[in-house]
Structures are given as C-alpha cells and as structure tokens.
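Every chain is numbered from 1 and lettered A, B, ... according to where its sequence line falls, protein lines coming before strand lines. It should be emphasised that the depicted structure is a prediction, and the values quoted were computed from it without experimental measurement. Quick note: numbers below take in every heavy atom, side chains included, and nothing from hydrogens, waters or symmetry partners.
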Amino acid sequence: MTSPTNSVSILQRITLNPQQKEAVVCEKWPQLVFAGAGTGKTRVLTAKIAYLIEQRRVYPNRIFAATFTNKAAGEMRSRVENLVGISCKGMWIGTFHSMCARILRQQAHRIGYTPAFTIFDQDDQLSLLRAVMKSLELDERTMQPRHALSVISKYKNRCLSPEDVAGTGKSYYDQEAIRVYEHYQKALVQQQAMDFDDLIANAVRLLRAEPEVLQNYRTMFEYVLVDEYQDTNVAQFHLVQLLASGHGRVFVVGDDDQSIYGWRGAQVENILSFDRHFPNTTTFKLEENYRSTQAVLDFANAVIRSNTRRAPKQLWTGKAGGAGVIVARYGDDRQEAQGVVERVSELSRAGTKLGDMAVLFRTNAQSRAFEEALRRRNVPYVLVGGISFYERKEIKDCLAYLRLLVNPKDDVSCDRILNVPSRGIGAKSRDTLIEAARRSSRSMLEVIVAGDCTGLGAKSFSGLEELRSVFLLMRELVEQSRAPNEILQEMLTVTGYIDRLESEESEEADARLENINELMNALAIWSQENEAGGIAEFLEEVSLATDIDRWDKETDSLNLMTLHCAKGLEFSSVFVVGLEDGLLPSRQNFDDEAKLAEECRLFYVGATRAMRTLECSHVDQRWRFGSLMPMTPSRFLEAVPEKLFDTVDHTRVAAEALPSMLSFRPQRVRESKSGGGERRKIRIEPQHDEFDQDIVQYRMGQHVMHRTYGPGKILSISGFGPDMRLTILFNDGTRKRLMARFANLESS
DNA sequence: TTGTTTATTCTTTTT
DNA sequence: GAATAAACAA
C-alpha cells in the first residue's frame, strides 16, 4: 500500500459538493445514491473507491464494482489509479457479465462445465434454438424462435430453471415453450456453452448451491459497488444480495428516471425498494446538475414530469440561461437528415467540434438517412452500434473456427463452418453427420475428427476429410504454441477462404477481406499485449465486448448512435431525431403503460445528454417498409409547455428549395397470397382481364425481350392471372419457365 | 448440391 | 428496402 496520507487528501484531490462528499465518506452501510442525470454519478463512484483504498486501507482486490459497459469499467479503473497513485490491477471492476464469466471459469467444474466453455451471443442462441426446435419437430410458424428466446430469457433473468417452471405453463403454447426451454438448456450444457443470461443465472445458481464457494467470495469482496443500479434485473439483484447481504457493505448508484432496459428484464423496483431488501440503508440524493444549461434542463424536466412512479426529485443547475431548445419540423426523413447536417455544419463553423456533437435516434435503421447526408457533404462521422464488427459474417466464420479449437463440443460453431467455404457438404450430409453425432453422443467436430461417419457420398466424405485435416493442422499449431493470428492465417489459407474471396473480385468481397485483416491485426496486437492470453481469452473479450467499448471520443467526428447507446455520455450539442408517435414512443409499446413510460425516459435520457444545445426534430412522413408513411409529432413533445422551446418549420422552405428531395415513388401494389387464391377459386374460366390491368398480355409464339436473358419466343403459357407461367426459348438456345408477373418482359 | 432468383417478413432498444 | 427464407434452374 501507499505511504500514510493525511485524512483529507483524497477529498482535496477531487472536487465534490457537500452531498457527494457525504456519500463518499459515509461509513454507515448499506448505501444508496439517487444520482440524477449529470449530477456527477461517476465522480462519486470513483471517489468512493479511491476513498476506500486510501482512507480505509482496503486492498483493491477486495472490491467488486459492477458497471454497465467494459469501457466505463476501464475508465473508472484508470481514474481510481490516478487518484490513489497505485495500480488497481487486482480490483474486480467490469460488467456483471464479464465478472460472472470470470467466477464461472474458476468454478466451472462444480456446475458441469469445463473452464473452456463458450459464450453464445444472440445469433448463436438463435441457431441453437432452431436446431432444438427442429429436433422437437416444432414448426417455426407455430412458435417463433425469437419469441421463444425472449420467453427463455425472461425465465433466466428471474433465475428460474426449466425444472422451476415445469408444469406452470397455462396454455398449450406456454407448455411447449417450457419444453423448448428444457431442451435448449440441455443442449447448451452438452455443447459446453452459456448464453448471456446464463452467465448471471449460473453464477447465482453456483453461489446458492455451494455454501463454501459463496463464503469464499463473500470474504473476498469486502465491498460491493454497483453503477446504473436501475438497470439491474432480478438475477443481478440476487447476485448482489448473495455477495453483500452478509456484511452489508454495498453501495449502489442509479437514477430511476434513466431506467431504459426494462425490455431486457431490468427492474426499476430494484432501486425504488432498495431499502426494503437492504435494511437500514443510508440514502443520498444528488440533484445539482453540472452538465446542462437551464434551458436544456427545464425542457428535460418537463419531459419526465408526466411520468408517474418515480422517486421525487428536481434537478437544478447553476448554468442559468443557455440557447433555447429547438424543435424542428421536416417534410420527410431525408430532409430531416439534410437539415440536421446543415445545423451541424453551422455549429462546427461556429467552433463546436464535431466530436462534441451527437445525433441520437430510436432505431438503428434511422442512421441510414444521416449517413447518406453526411457522406454527401463529406462530414466525418462515427456510427456507434448497429451491426458490430464481431457480428459480421466473415468475422463470425473466423471466430467459429477458433471457438471450435477451444471447445470442440460447440456444435453451433461447427454447423456454421461445416460448409464454409463450400466443400460439398449439403443439407443431407449435414443431417447424416448430426445423426451420427447424436447416436454416439459426441459433438459434430468429434465425429469429424474421428473420421468414422458412414453413409456419406464420396463428395461429402472428402469434404469432411478436408475439414478434419484443417483441425488436425490447427491443433498441431496450438501444440507448437504458435501465435493465435498465425493459426488463423493458416486456417484461412488452407481452407481456401481467402482464395474464394479474392477470386470474387467484388467490392463486397474486398470489404470482407479487409475485415478479416483487421481481425488478424486485432488478434496479433491482443496476443502481444496479453502475454498469458491464448485464443480462449481473446474470444471471451470479443464476446463480451459492447459497441460503445470501441468508441473513441477523441476522433473528431460526428457521433451517430441510438438513445440506448448514449446513456452515460454527454455532448456539447445533441440532436434527438425522429420524435414521432410510433417511433418514439415505439408503436409496439403504445398499449402498455409501463413500456410507454420507459419510452418517455428514453427521450429524457437523450435530452439530458446535451450540455449546451439541444435540438429535436420530427417529420411529416417517413420511409418505412419501403413506403412513405405519414407521421405525427411525438406525444412526449405535446406534453412539454410551448414556452420551453422554439419551433422551426422547415417543410415549406424545403419544398421550394429542394424539389428533387420530394421523390415520388409509385406505390407498389402487392397481391396478397390469400387474395389471389380466393379469386382463383371463384373464377372457373380463365378470365385474364381482371388481373391483367398491369400485366402484359401474352400469346404463344410471341417474340419478347428479357432484361438479362435477351430476346426470345414464348413456347407455351400455363396458369393465369398472378400465377401465369411462360416457357420461353431464348435466342441463345436456353429454355426457361418464368412467372409472368416477375419476368418483366417487353414485346419485341 | 450449388448459386441465383423470388417471396416474405420485418424494426425497437443490447449485455 | 434489406435481410432472409424458400424455390428454382443448372
């Protein structure tokens, strides 16, 4: 530890207001801090940890601190280190998920896992669930895999195992869902894999089942701190309780007004009734906002005011005045993007850095219009979130090979790369392999490596042999302790993955190659920085990485992200866009009051990100599902008193100045399947005229022109109306049978 | 068995 | 309009 320091030193090195200071030095546990937006929540948490280490002589490795993202954890660790001047390497600070994964790897054998277990992301979960449903002969149309997954997730978030919920299904559907859960869970264990929810649920299960393990961690973690407590779910609450209720030294920080993860199982009740679960809690309230101007804060307060069921609080700021909040109206989403980019340029010219500005939206899909507008104007930007790097096909393929190297039981990964790049193993051979694995209770890769799968065609057999040799080679390279990036490189060469992409010579393939290169670089850098780190550790980091983790505010580019992603961040200027009913609030949450309230808080979170200027916008019509939909301003805007913002109407100006922007597209009329079928039943005689208003009339022998096949002659016509098929002999001698509706033929 | 074309569905939000 | 599933031609 450091040399003795005098009792006020830590408090001298960090500026705290009286309330913050009280929370930091308080010795009466447990402690709860209600910290409104911008009131210095992170500052208090950091100071608290530093105070514990320096003043209370707590060893860093005795502290368990859960944050919402890895990035927040990393920042907090280095801030604490700066404050106390010693390394805090041993401190447990990270997301619940990453720390649970760490505990579970240490104790894996106790719950039927090896330490090398794989972590499944949503994509993997879905693949596994599909496989499970297939083996149960459940039709995906009767039970949507995604829905089943959300049901399972809800159970896991409440720490309910399949056994716990067995027999509780009210409807047939519920019972089937429980049956799927049971088999899904079995499959996870069989493949030595855990999904995100398992990381928490299994940690709780472990601590409950093994008293001496629990006792170990309880004595180890003398202090338990939790950031963003309003976003914890039941399982996380249980974990905190298990670790901390013995000694009661628990310190949580949060803001019920910023609870925006209810859909993921988070319970605001956790923070609202904290003192019920942790008796004799000392509660603090931070209400002085250091971030925003009075104008921004007044607006934000008005947004949240209508929400019921919140702990009473009133944020105030010393930053009187400030630019008024603007609410802009645009004709459509393209104009909105254009208008916002215009404003961004103005602010940029006036001295605000691009990196200090952000465009915040409800859905990822909204980013497109902005990206296009920004690219047109050559404004540098970063898009945070969306399809992350590690979710790209080519990257997931590479990772699947690596995952299999670490955990050969991972059938989801094996299934993924079985025929990637294609090596002649089709659906049939795949089923044969799966069946062989099932019969001998081995994993797919184990069967492949053993090379004893029978009943395959020659082509598939040699394909499997090829795959087998790839893995034998990779394992040999691991034996020789070759660098992980070299092993990946070797795999990509041997399998011909690189060759395939190179010979494709398309822009897309080039982008893929570039991504793969980037992955190899990341792997190389990573293995250099983490001497002890093997492939397994790299994979863990990758699967628990968040989008925001890779975000760097220092690069001076305009930030585009979802409202969810923006939580915890602040920007000088903020644009909250797409403020329309159906989008914010989302239409899917219209009928549920609690969900609607969460949408409102989402808007509040967005508004409170702004330090100096806040501009909101909504449009009259928006492109959705490929067609232009009329939109009305968000009900949350209507609830804000008009004196708190200035309205700017861009619709008329835009219509005159940008006639080309009003792109008119003919609405495509779609023939519904059932509609077509009914008509056919009614009509006994072929009567083309009713259908053929927009379909060209054809006759046998007619000469026609096809867009890709060129000129040809109609040989025969079958079916009628929307089902009409034409057999055409093209001039190059090929004969094709085409649907008249889609053939797009011209008479010639 | 494979690539291509066609049909359908879909959008919240993410550890 | 894009991603994905199904259907089809080769």
[X] side-chain N/O to [N] phosphate OP1/OP2 under 4.0 Å:
{"X": "R622(A)", "N": "dT11(B)", "result": "no"}
{"X": "Q144(A)", "N": "dC10(B)", "result": "yes"}
{"X": "R368(A)", "N": "dA2(C)", "result": "yes"}
{"X": "T562(A)", "N": "dT12(B)", "result": "no"}
{"X": "R130(A)", "N": "dA5(C)", "result": "yes"}
{"X": "N364(A)", "N": "dT14(B)", "result": "yes"}

For K156(A) and Q185(A), does a side-chain donor sit closer than 3.5 Å to a side-chain acceptor?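 Checked: K156(A)/Q185(A) side chains pair up, N/O donor to acceptor below 3.5 Å.
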Between N202(A) and R205(A), a side-chain donor and acceptor under 3.5 Å: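 Yes, a side-chain donor-acceptor pair sits under 3.5 Å.
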Is [X] touching bases, backbone alone, or none of the nucleic acid, heavy atoms closer than 4.0 Å?
{"X": "R430(A)", "value": "nothing"}
{"X": "N589(A)", "value": "base"}
{"X": "R601(A)", "value": "nothing"}
{"X": "K459(A)", "value": "nothing"}
{"X": "I260(A)", "value": "nothing"}
{"X": "S422(A)", "value": "sugar-phosphate"}

Does the ring of F96(A) meet both stacking tests against the six-membered base ring of dT15(B): centre distance under 5.5 Å and plane angle under 30°?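 The ring of F96(A) is not stacked on dT15(B).
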For DNA chain B, which residues in residues 151-159 of chain A have a heavy atom at a distance below 4.0 Å?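 Listed by number, there are none.
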With sequence neighbours excluded, tell me which residues meet salt bridge (charged side-chain N to carboxylate O under 4.0 Å, His left out) with E269(A).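 Salt bridge (charged side-chain N to carboxylate O under 4.0 Å, His left out) check on E269(A) returns R309(A).
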Heavy-atom nearest nucleotide on DNA chain B for R264(A) versus S429(A): which residue maps closer to 5'?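 The 5'-side residue here is S429(A).
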5'-most contact on DNA chain B: S586(A) or N419(A), nearest heavy atom basis?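 It is N419(A) whose nearest nucleotide is closer to the 5' end.
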When you measure from the side chain of Y604(A) to the backbone N and O of Q258(A), does any donor-acceptor pair fall under 3.5 Å?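 No, the answer is negative, given that no donor and acceptor are paired below the 3.5 Å cut-off.
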Using atom P of each nucleotide, how far apart are dT4(C) and dT13(B) to the nearest Å?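 Approximately 14 Å lies between the P atom of dT4(C) and that of dT13(B).
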Between dT12(B) (C1') and F603(A) (CZ): distance, integer Å: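 Nearest whole value for this atom pair: 17 Å.
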Nucleotide-level pairing of DNA chain C, given in dot-bracket where Watson-Crick and G-U pairs need both distances under 3.5 Å and | marks other strands: ||||||||||
